[in-house]
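Encoded as structure tokens, the structure appears first; notes follow it.
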Amino acid sequence: MTALDLSTSIAGIQLKNPVIAASGTFGYGIEFEDVVHLDRLGGFVLKGLSKKTIPGNPPPRLYETAAGMLNAIGLQNIGARAFVDEKLPKLREMKNIVVFANVFGYTRADYEHTLQILNEGEGIAAYELNVSCPNTAHGGIQFGSDPRSLDEVVTMARRVSQRPLIVKLSPNVTSIAQMARIAEEAGADAVSLVNTFIAMAIDAETRKPRIANVTAGLSGPAIKPIALRMVYDAHKAVKIPVIGMGGISTAEDIVEFMLAGATAVEIGTASYWDPVATEKIVGELERWCANHRVEKLSQLTGGLVME
Ligand SMILES: Cc1cc2nc3c(=O)[nH]c(=O)nc-3n(C[C@H](O)[C@H](O)[C@H](O)COP(=O)(O)O)c2cc1C
């Protein structure tokens with residue numbers, strides 16, 4: 001059998017395989033250097049970066065649910081400037097890695113400022129725009145759940161960004177196809193989905209919320225079938241590549257997302273129960289391809305058989 005080809009490309013960025021560590025579950029990458037061979041991954045997304053340092057929400061901010069996890073970290077991060085000055089130089093010393101910077105803000109001006117700071121740094125392959133934050137300037141609607149706000153923030157980001165732009169969509173919408181189309185028309189080079197589902201849990205004994213913030217984002221295997229359906233819907237709606245995620249923990253999960261239309265995938269919560277999960281899944285994917293005589297993995301994208 002000829003050599004397996006797991007490579008793929010997103011917005012002109014070559015990836016050795018489609019496995020990308022998801023934002024918020026892989027720190028700034030550096031923390032995983034001793035645990036995961038970072039150059040085995042297709043790439044990794046940094047935790048969300050904002051204009052200024054954010055301390056995050058008070059605890060408790062994580063809670064395990066049936067086949068999933070609730071989090072309300074509150075987008076804790078060191079801020080874009082400190083990232084460029086302190087973390088990026090360390091990442092630049094690493095060979096053969098692909099780094100995506102996840103960007104968020106509470107206003108359009110926040111996003112603009114953060115992108116401008118990150119444009120100054122070298123060693124970032126692309127931006128992933130997290131549009132799941134409340135747009136306080138417009139009365140607290142999330143950018144990613146209001147079509148007009150989404151159009152405005154992506155149009156601005158396209159103008160400011162000096163790198164390929166991936167727009168990470170919120171699943172907390174009625175039509176993911178409509179939101180994917182808006183992102184594409186506003187200039188996104190790719191969309192990634194899904195972010196977490198707004199959810200909550202209550203302690204029946206104390207009658208208190210399990211998470212100090214009361215509501216939180218649900219991730220992990222519990223969301224996989226819904227995420228898969230949303231990737232399928234988004235892929236049908238746009239021509240740009242779709243990066244799929246939501247509950248992936250095995251090579252077969254990746255194959256499902258690719259058949260539904262994903263060009264690459266991200267893995268988040270799985271790294272919480274096994275810090276080596278991302279790298280293990282790359283190995284599993286190689287074995288899956290060998291066992292199933294799939295020589296070129298990227299040919300699976302959108303290959304769902306209907307008859
Ligand atoms: C603890 C935690 C922190 C997260 N932080 C971010 C973030 O900063 N930016 C972002 O776009 N997504 C963030 N996410 C969402 C994940 O990147 C991913 O979209 C989601 O968890 C679904 O994938 P999974 O089921 O594989 O975890 C976070 C998720 C978790 C669990």
Side-chain angles (χ1 to χ4, degrees), residues 18-29 31 41 43-50 53-57 59-80 83 100-106 111 114 126-134 142-144 153 157 165-172 176 183 190-199 211 213 216-228 230-231 234 242-250 253-254 256-257 262 264-275 277-278 281:
V19 179
I20 302 170
S23 182
T25 63
F26 212 69
Y28 300 105
E31 300 88 334
L41 307 182
F44 55 88
V45 189
L46 307 168
K47 67 155 70 189
L49 291 161
S50 54
T53 313
I54 294 181
N57 291 331
R61 40 191 210 172
L62 286 180
Y63 180 70
E64 196 175 337
T65 61
M69 187 170 93
L70 289 175
N71 94 82
I73 302 294
L75 296 161
Q76 179 179 351
N77 79 103
I78 59 172
F83 168 75
F100 298 93
N102 183 281
V103 175
F104 74 92
Y106 295 109
Y111 280 97
T114 307
Y127 298 128
E128 181 180 62
L129 207 67
N130 174 8
V131 292
S132 304
C133 301
Q142 290 191 346
F143 285 98
V153 76
L165 189 65
I166 301 162
V167 175
K168 183 165 180 182
L169 299 174
S170 166
N172 303 301
I176 197 78
V191 287
S192 59
L193 61 141
V194 294
N195 211 315
T196 53
F197 288 80
I198 302 170
I211 298 270
N213 189 56
L218 181 65
S219 62
I223 69 169
K224 200 194 94 181
I226 319 178
L228 192 64
M230 289 189 153
V231 165
V242 175
I243 304 175
M245 79 196 91
I248 294 176
S249 64
T250 65
D253 291 341
I254 294 178
E256 282 189 59
F257 273 83
V265 296
E266 292 182 28
I267 294 172
T269 304
S271 291
Y272 268 78
W273 67 74
D274 179 4
T278 46
I281 292 173

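Order of appearance sets the numbers: ligands from 1, and atoms from 1 within every ligand. Excluded from the calculations below are hydrogen atoms, water molecules and symmetry mates; all remaining heavy atoms, backbone and side chain alike, are included.
- In this structure, the protein non-hydrogen atom closest to atom 12 (N) of ligand 1 is Lys168 NZ, 3.0 Å.
- For the pair Asn172 (side chain) and Thr196 (backbone), a donor-acceptor distance under 3.5 Å is present.
- Looking only at heavy atoms of the protein, atom 21 (O) of ligand 1 is closest to Ser219 CB, 3.3 Å.
- In summary, the atoms of ligand 1 found under 4.0 Å from a heavy atom of Asn71, numbered by their order in the structure, are 1 (C), 2 (C), 3 (C), 29 (C), 30 (C), 31 (C).
- Under a 4.0 Å criterion applied to the non-hydrogen atoms of Met245, ligand 1 contributes the atoms 18 (C), 19 (O).
- For ligand 1, the atoms lying closer than 4.0 Å to a non-hydrogen atom of Gly48 are 8 (O).
- Assignment of Phe104 to the shell around ligand 1 is not supported, since no heavy atom sits closer than 4.0 Å.
- Scanning both residues, Met245 and Glu266, for their nearest heavy atoms gives CB-O, 3.2 Å.
- Nearest heavy atoms, Ser271 versus Phe26: OG-CD1, 4.4 Å.
- A donor-acceptor pair under 3.5 Å is formed between the side chain of Asn57 and the backbone N or O of Ala72.
- Residues Leu62 and Ile73 come closest through the heavy atom pair CD2-CD1, 4.0 Å.
- Near Asn102, with a cut-off below 4.0 Å to any heavy atom, the atoms of ligand 1 are 9 (N), 10 (C), 11 (O).
- Set against the non-hydrogen atoms of Asn195, the atoms of ligand 1 under 4.0 Å away are 10 (C), 11 (O), 12 (N), 15 (C), 19 (O).
- For a threshold of 3.5 Å applied to N or O pairs, the pair formed by Ile267 and ligand 1 contains no separation below that value.
- Under a 4.0 angstrom heavy-atom cut-off, Gly246 registers as being in contact with ligand 1.
- Scanning the protein for heavy atoms near atom 28 (C) of ligand 1, the closest one is Ser23 O, 3.4 Å.
- Annotation: Asn130 places an N or O atom under 3.5 Å from an N or O atom of ligand 1; distance criterion only.
- Considering Asn77, Asn102, Asn130 as possible partners of Ser50, the one that fulfils the side-chain hydrogen bond (donor to acceptor under 3.5 Å, both in side chains) test is Asn77.
- In terms of protein heavy-atom proximity, atom 26 (O) of ligand 1 is nearest to Gly268 N, 2.9 Å.
- Here's the thing with Thr269: one of its N/O atoms is less than 3.5 angstrom from an N/O atom of ligand 1.
- At least one heavy atom of Val194 sits closer than 4.0 Å to an atom of ligand 1.
- Atom 5 (N) of ligand 1 has Gly24 CA, 3.3 Å as its closest protein atom, hydrogens excluded (heavy atom only).
- Side-chain contact check for Asn71 and Ser219: no donor-acceptor pair (N or O, by modelled atom type) lies under 3.5 Å.
- At the top of the distance list for atom 20 (C) of ligand 1, counting protein heavy atoms only, stands Thr196 CG2, 3.9 Å.
- Scanning the protein for heavy atoms near atom 1 (C) of ligand 1, the closest one is Tyr272 OH, 3.2 Å.
- Of all atoms in ligand 1, numbered sequentially from 1 with element shown, those under 4.0 Å from a heavy atom of Met69 are 31 (C).
- Under the side chain to side chain contact (heavy atoms under 4.5 Å, CB included) test applied with Ile248, the options Thr269, Val19, Thr278, Val265 reduce to a single match, Val265.
- Every atom of ligand 1 is numbered from 1 in the order shown, and the set under 4.0 Å from a heavy atom of Gly247 is 24 (P), 25 (O), 26 (O).
- Side-chain atoms of Gln142 come within 3.5 Å of backbone atoms of Ser132 as a donor-acceptor pair (strictly under, hydrogens ignored).
- For the pair Leu49/Tyr28, a side-chain contact is recorded, criterion being any heavy-atom separation below 4.5 Å from C-beta on.
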Item to complete: Apply side-chain contact (heavy atoms from CB on, under 4.5 Å) to the pair Ile243 and Phe100, showing each step before the final yes or no.
Response: CA-CA 13 Å; Ile243 304 175; Phe100 298 93; 5.8 Å; no
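- Here the closest non-hydrogen pair linking Ile166 and Ser192 is CG2-OG, 3.6 Å.
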